[in-house]
Amino acid sequence: MQYTVKKPINNILRVVDPTGCERIVTGRGLGFGVKPGYKIEAETVERSYRMTSPAMQTFRTTRAASLRCTSSTQSSTPP
């Protein structure tokens with residue numbers, strides 16, 4: 001699966017998945033050299049958070065309480 005980058009913020013990215021759902025993804029070095037419109041592979045993502053309410057689809061109104069962890073660390077090696 002690939003994500004399309006909407007906004008890179010250091011090692012945090014605001015992305016859109018293939019179904020059109022916005023997500024916040026994190027990972028070591030994930031945002032390095034990435035620009036809006038770039039595609040990233042799901043295997044490079046360490047953690048992924050998705051909006052649980054359609055009303056929360058905009059980045060500015062997102063609150064920590066409305067996010068839910070959807071995946072754990074992909075790598076089995078410690079950081």
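For clarity, every value in this text was computed on a predicted model and none was experimentally measured.
Residue Ile12 holds its CD1 atom at 8.0 Å from CD1 of Ile24, rounded to the nearest 0.5 Å. Note: Asn10 CG to Leu30 CG = 11.0 Å, rounded to the nearest 0.5 Å. A distance of 4.5 Å separates CD of Gln2 from CD of Glu41, quoted to the nearest 0.5 Å. Between the CZ atom in Arg14 and the CZ atom in Arg23 there is a gap of 14.5 Å [rounded to 0.5 Å].
Of all heavy-atom pairs between Cys21 and Arg50, the closest is SG-CB, 4.3 Å. Contact detail for Tyr38 and Gly33: the closest heavy-atom pair is CE2-O, 3.5 Å. Thr4 approaches Lys39 most closely through the heavy-atom pair OG1-NZ, 2.9 Å.
In the hydrophobic clustering of ILVMFWY residues, with side-chain heavy atoms under 4.5 Å counting as a link, Met1 and Val34 come out together.
Tested against Tyr3, the residues Thr44, Val16, Val45, Leu13 include a single side chain to side chain contact (heavy atoms under 4.5 Å, CB included) partner, Val45.
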| task | Would you please test Val25 and Ile40 for side-chain contact (heavy atoms from CB on, under 4.5 Å) and show each step? | result | CA-CA 10 Å; Val25 295; Ile40 60 165; 4.2 Å; yes
